[in-house]
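Here the structure is laid out as structure tokens; the discussion comes afterwards.
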Amino acid sequence: MTLVAILVLAMAPMAAAEQTESPPPSDAAPGRVVSMNLCTDLLAMLLAGEGQLWSVSQMSLDPMVSPLVEEARGHEINHGRAEEIFLMRPDLVLANTLSPRSTVAMLERLGIRVEQFAPASTLEDVRDRIMQMGRVLGREEAAQALLARFDARLEALEADEGPRPRAVIYHANGYVSGRGSLSGDILDRAGFENAAHAAGYDSGQVMPLEVLALTDPDLVVTARTYPGGSRSEEVLSHPVVRAFRAGRAGAVIEDQSWVCGTPFVLDAVEDLAEVRRRIAVREGE
Amino acid sequence: MRLALPLLVAVAVLFLVSLLTGPAEIGLGRSLAALFAGGEDPVALVMRDIRLPRALLAVMIGASLGLSGAAMQGYLRNPLAEPGLIGVSGSAALGAVLAIQTGLAATFALGLPLAALAGALGGVLLVMALAGPRGTSLTLILGGIAVSSLAGALTALVLNLSPNPFAASEIVFWMMGSLADRSMTHVWLALPLMVVGWALLAGLGRGLDALILGEDAAQAMGIDMARLRLMLVVGTACVVGAGTAVAGAIGFVGLVVPHMLRPLVGAHPGRLLWASALGGAAMVLLADIAVRVILPDRDLKLGVLTALVGAPLFLHLILRLRRERI
């Protein structure tokens, strides 16, 4: 949490400075932008010029998944429905490639420009998405600056050498993150070996609890559970998973920095790298 | 007694096979040694915290479903009575889902099985009221359909209203049942209520035997009908509630097992009780082994298999009842 706050604070003055220096959006830049997906909300809030971003999706207000709740409150809120978005008279709509096809098609039929962003599955994708957002908003300079800060921070995090402990990212229902997923890449960059991948389980596959036990990883990273309770998440508090957390390093996925391909993924890398250093210290003892 | 031994052997063998079935390939000797020897090594963890509770729950839930099916069929003198079919399991699932979503299950450990018990009790009472004291097969089944569809709809509604993003996808678990990833916690959660229910249902034997001759004759023989009914209702609610709370609703076990064993015990509903308990345990163990063998890396629901066996039998029973009436 504090890390997120620091990052936001670090970015806010810079963003403000850029806004005052940069000229008002040119003719090509859209003046009234509506974002209907959490991940585009976040990137747009980081990059848009003064008054350029009109509305963000309601997901941005959920502190479980959004690191920019305060920022989001300053915008109109939409629920991703074609009708309400059309009535906002946007010049540009930002959507995910996984946003409902019918909504996107409807907006396009109504003559509204829709830019779709593919979900990021690596940190390299995150860099591309930052530049894509800069391009469609006509804010290339801001995007370049953000990208430079992103690269510098990532380089600093990756410079840290050391042994690579074996970790499994374990989700509700026993799904794991393998290679080629954003969380798998976060794990890799933080200096861990992906034990699920090594055991032959990749993203979108269920690693049975038994296999997890026999894999005997140094670290099990689990998602934070949502309110309301569910059987799917019960596996995360199963005695076997608890046994791996007791007396060992445990880490919790805070969805707000893991779920979207935004610069906030570096918070997750930093948190995990910190856990890795603790493991190394303990094993050195 | 000639039936008891084979049934016990079947349950014991299936229990052992269940302990040895799983995606982690561990040798026979090694896994059994890990079960008894102490230690914190991963194999012991797999055997004690994953496979043992799974096999124990299969026995407990199977016995409960077989026992309550035999008891209901004996009391209602109707071979179609079964906790899943007449909506008792569905009502128990509604109670369990409400306990989880309201936070009752998190604040008070026994809150989950007790809420499921309350749901099951509501379901039994409603169906018995709908079917009437001398309910025909038709009114019983129609009442059961009404109760199970209502309970299913309300369960789906509660899960869809949940703030938890996973809840809505769990409708299938509550309707079909599964023993995947259960732990000893669930065994201890279900056991107390089940023991109470087993004791109540096992005490029905003499009353059910007498009931073959009709209610008047049974009363003349000193059977207290009101007490018999109370024991049946509370006993069924206890075992079905506790089982459903931890494993979801598993249908047809209470229909299939008494039907298969009835010819073997003769016309003794009392004897059918314990035989069906053993048979039910064997059937759920078998189904739970099968789901792990057929689709090892996915959670195939138990109710899928029991329904594949049970639904054709149910149709067969309906056709036979129709012929008999003509």
Side-chain angles (χ1 to χ4, degrees), chain A residues 38 58-59 61-65 166 168 170-176 178 195-196 199-202 204-218 220 222-248 253 255 259, chain B residues 21-26 31 34 40-51 53-54 96-107 112 158-159 161-174 177-178 180-186 245-248 292 295-299:
Chain A
L38 173 68
Q58 61 167 353
M59 292 278 278
L61 294 178
D62 180 354
M64 280 289 284
V65 293
R166 298 162 59 250
V168 171
Y170 210 56
H171 300 278
N173 282 325
Y175 283 93
V176 293
Y201 292 88
D202 249 314
Q205 284 186 312
V206 173
M207 186 181 201
L209 209 46
E210 295 187 4
V211 179
L212 175 72
L214 292 187
T215 304
D216 201 14
D218 299 308
V220 177
T222 55
R224 191 161 53 151
T225 54
Y226 284 85
S230 70
R231 189 191 188 276
S232 307
E233 292 169 333
E234 265 184 49
V235 68
L236 305 179
S237 54
H238 191 281
V240 168
V241 176
R242 277 213 304 266
F244 279 110
R245 298 178 65 91
R248 302 187 194 200
I253 293 180
D255 272 350
V259 78
Chain B
T21 308
E25 281 157 22
I26 313 169
S31 50
E40 279 295 301
D41 81 299
V43 178
L45 212 55
V46 169
M47 292 309 295
R48 286 204 206 136
D49 284 328
I50 299 174
R51 293 201 190 161
R54 187 167 189 156
V97 165
L98 279 172
I100 291 173
Q101 297 302 331
T102 56
L104 177 70
T107 48
L112 177 67
V158 172
L159 289 173
L161 289 176
S162 165
N164 193 297
F166 298 104
S169 63
E170 285 164 11
I171 294 170
V172 62
F173 161 75
W174 290 107
S178 161
D181 300 338
R182 303 283 82 183
S183 66
M184 287 309 280
T185 319
H186 298 103
V246 296
R292 279 178 284 174
L295 282 176
D297 46 6
R298 284 186 230 168
D299 181 21

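None of the values given here were measured: they were computed from a predicted structure. Numbers restart at 1 for each chain; the letters A, B, ... are given by sequence-line order, proteins then strands.
- Your options are B:Ala180, B:Pro165, B:Ser162, and the one with the most heavy-atom pairs under 4.5 Å with chain A is B:Pro165.
- Of the residues considered (A:Ala213, A:Pro227, A:Pro239), A:Pro227 shows the highest number of contacts with chain B, using heavy-atom pairs under 4.5 Å.
- For A:Gln205 (side chain) and A:Val176 (main-chain N/O), no donor-acceptor pair under 3.5 Å exists by modelled atom type.
- More than 12 heavy-atom neighbours from other residues, nucleotides or ligands sit within 6.0 angstrom of OH on A:Tyr226.
- Counting heavy-atom pairs closer than 4.5 Å to chain A, the top-ranked of the candidates B:His186, B:Met47, B:Met184, B:Arg182 is B:Arg182.
- Of the possible donor and acceptor atoms, one in the side chain of A:Arg166 sits under 3.5 Å from a partner among the backbone N and O of A:Thr215.
- The main-chain N or O of A:Ser230 is never found under 3.5 Å from a side-chain atom of B:Glu170 such that the two would form a donor-acceptor pair.
- If you measure heavy-atom distances from B:Phe166 to chain A, the contacts under 4.5 Å come from both the backbone and the side chain.
- Although no hydrogens or angles enter the test, the distance criterion places a donor-acceptor pair under 3.5 Å between the side chain of A:Arg242 and the main chain of A:Ser237.
- Counting heavy atoms from C-beta outward, A:Val235 and A:Asn173 have side chains that stay 4.5 Å or more apart.
- Proximity to chain B is limited to the side chain of A:Glu234, based on heavy atoms less than 4.5 angstrom apart.
- With chain A as the partner, the residue from B:Gly22, B:Ser178, B:Ser183 showing the most heavy-atom pairs under 4.5 Å is B:Ser183.
- In terms of heavy-atom pairs under 4.5 angstrom with chain A, the leader among B:Asp299, B:Val46, B:Thr185, B:Ile26 is B:Val46.
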